[in-house]
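When a ligand or atom number is given, it counts from 1 through the structure's own listing order. Everything quoted here is computed from the prediction, not taken from an experiment. Heavy-atom basis, side chains included; hydrogens, waters and symmetry copies ignored.
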Amino acid sequence: MADIVKTIEALKKGEFVTPKRLAEVLECQKEQQLEYLFTTADQVRKNHHGKVVKIRAIIEFSNHCRCSCWYCGMYAGQKGLQRYRMKAEELVSACQQVWQAGYQTVVLQSGEDLYYTKEMIGEIVKQVKTTTGLAITLSLGERPFEDYAYWKLQGADRYLIKHETCNEPMYNRYHPHSSFQERIRCQNDLRLLGYELGSGFMVGLPGQTNEMLAEDILFLKRQRVSMAGIGPYICHPNTRLRGSTDGSAELTLKALALARLALPRANLPSTTALNVKGGMRNALHLGANVIMQKATPFQYRNLYDIYPGRESAEISLKTQLNHLKEQLCGMGFTGV
Ligand code: SAH
């Protein structure tokens with residue numbers, strides 16, 4: 001007990017903790033010690049974020065992708081997938097609907113689709129910024145410094161680009177089209193440009209150890225991220241990793257709680273992958289302070305097939321938002 005508690009306390013105080021000690025917490029199965037971890041993380045969340053849960057709408061606007069990520073169902077070579085791409089006007093109008101429904105923030109995400117030029121994305125950002133009060137998070141993958149700089153000038157506020165795993169050999173194996181160094185170049189450029197930087201990683205990738213996960217948590221701190229999406233790996237049957245085991249929701253929740261201790265002020269979502277595994281309710285009680293809700297037009301939702309199990313009910317954005325706010329209220333939170 002004593003060692004785990006010491007690690008939790010040290011992390012909470014901002015002291016240096018070795019990956020080995022963090023890994024011990026991730027391995028821990030003892031109920032009392034886990035209870036201590038989760039309640040401490042919940043307390044830290046409460047101290048820094050109070051009752052507020054931030055709600056984000058996410059629009060997945062294209063499933064075209066030039067990448068070959070081993071785990072992703074939308075990878076470039078995927079033949080069985082019907083591809084779609086929203087037109088600029090269609091995307092701007094979808095953002096306006098998100099605003100009218102009452103959301104304050106929109107996340108625009110896509111595969112790495114170079115059809116959208118620097119100028120096109122810039123124009124979309126500018127139009128959304130001038131016609132709504134939405135904060136804009138972009139999540140379009142790896143682009144040159146110039147693109148990121150231009151989008152910032154046009155009004156983009158945040159950028160989400162997860163490091164996925166900070167184990168360099170593993171990163172490079174699972175992302176044969178790019179490299180860990182390039183990913184980090186993107187993150188560093190974005191932070192330099194004044195974006196609020198969002199990172200994060202997957203839990204339970206085949207071959208990943210608890211010590212690697214511990215490094216992932218510490219890496220978030222080194223990168224000074226403003227937000228971090230931590231979600232379980234979910235096996236997609238049509239990828240190179242077909243047949244592998246899903247990441248566990250429990251281990252994801254432990255990693256999330258540790259991330260809260262390491263990053264008291266950061267925005268930590270209950271990721272959509274974790275919600276698929278039924279983890280939202282728990283996540284909010286052990287460190288998460290953000291919920292992402294899909295706002296992708298219904299005709300495209302099932303085509304954004306990064307992992308299975310993401311079907312959602314066909315209700316209006318306003319109803320969806322109000323349902324979530326009521327649900328949060330019932331849990332003692334205020335959704336904004
Ligand atoms: N093209 C953008 C967006 C990627 S998709 C980019 O490169 O940043 C959004 C996130 O989905 C990824 O960052 C990854 O963490 C997650 N993801 C993809 N496939 C997954 C899978 N099989 N299981 C769990 N998460 C997955």
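Every N/O-N/O distance between Ser139 and ligand 1 stays at or above 3.5 Å.
Looking at atom 22 (N) of ligand 1, its nearest protein heavy atom turns out to be Ile234 O, 2.8 Å. For atom 19 (N) of ligand 1, the closest non-hydrogen atom of the protein is Tyr71 CD1, 3.2 Å. At the top of the distance list for atom 20 (C) of ligand 1, counting protein heavy atoms only, stands Tyr307 CD2, 3.5 Å. Closest to atom 24 (C) of ligand 1 among all protein heavy atoms lies Pro232 O, 3.3 Å. Closest to atom 11 (O) of ligand 1 among all protein heavy atoms lies Ile306 CD1, 3.4 Å. Looking at atom 9 (C) of ligand 1, its nearest protein heavy atom turns out to be Gln109 NE2, 3.5 Å.
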Could you pull out every donor-acceptor pair under 3.5 Å between side chains of residues 133-142 and any protein atom, sequence neighbours left out?
| from | atom 1 | to | atom 2 | distance (Å) |
| --- | --- | --- | --- | --- |
| Ser139 | OG | Gln109 | NE2 | 3.1 |
| Ser139 | OG | Leu160 | O | 3.1 |
| Glu142 | OE1 | Ser178 | OG | 2.6 |
| Glu142 | OE2 | Arg183 | NH1 | 3.2 |

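With distances taken over non-hydrogen atoms, the option nearest atom 17 (N) of ligand 1 out of Glu164, Met202, Met74, His236 is Met202.
Counting heavy atoms from C-beta on, the side chains of Met74 and Leu81 come closer than 4.5 Å.
Of all atoms in ligand 1, listed by their number and element, those nearer than 4.0 Å to a heavy atom of Ser110 are 1 (N), 2 (C), 3 (C). Less than 4.0 angstrom separates some heavy atom of Gly141 from each of these atoms of ligand 1: 2 (C), 6 (C), 7 (O), 8 (O). Listed by number with element, the atoms of ligand 1 under 4.0 angstrom from any heavy atom of Arg183 are 6 (C), 7 (O), 8 (O).
Between Asn63 and Asp305, the side chains place no donor N or O within less than 3.5 Å of an acceptor N or O (distance only, hydrogens not considered). Residues Gln96 and Thr132 have side chains that never bring a donor and an acceptor to within less than 3.5 angstrom of each other. Side chains of Gln82 and Tyr300: no donor on one and acceptor on the other come within 3.5 Å.
Under a 4.0 Å N-O distance rule, the pair Glu146/Lys118 does not qualify as a salt bridge. A salt bridge links Lys129 to Asp157: one of the charged nitrogens lies within less than 4.0 Å of a carboxylate oxygen.
Partners of Lys79 according to the side-chain contact (heavy atoms from CB on, under 4.5 Å) rule, which considers only residues two or more places apart in sequence or in another chain, do not exist here.
Within a 4.0 Å radius of atom 4 (C) of ligand 1, the protein has no heavy atom.
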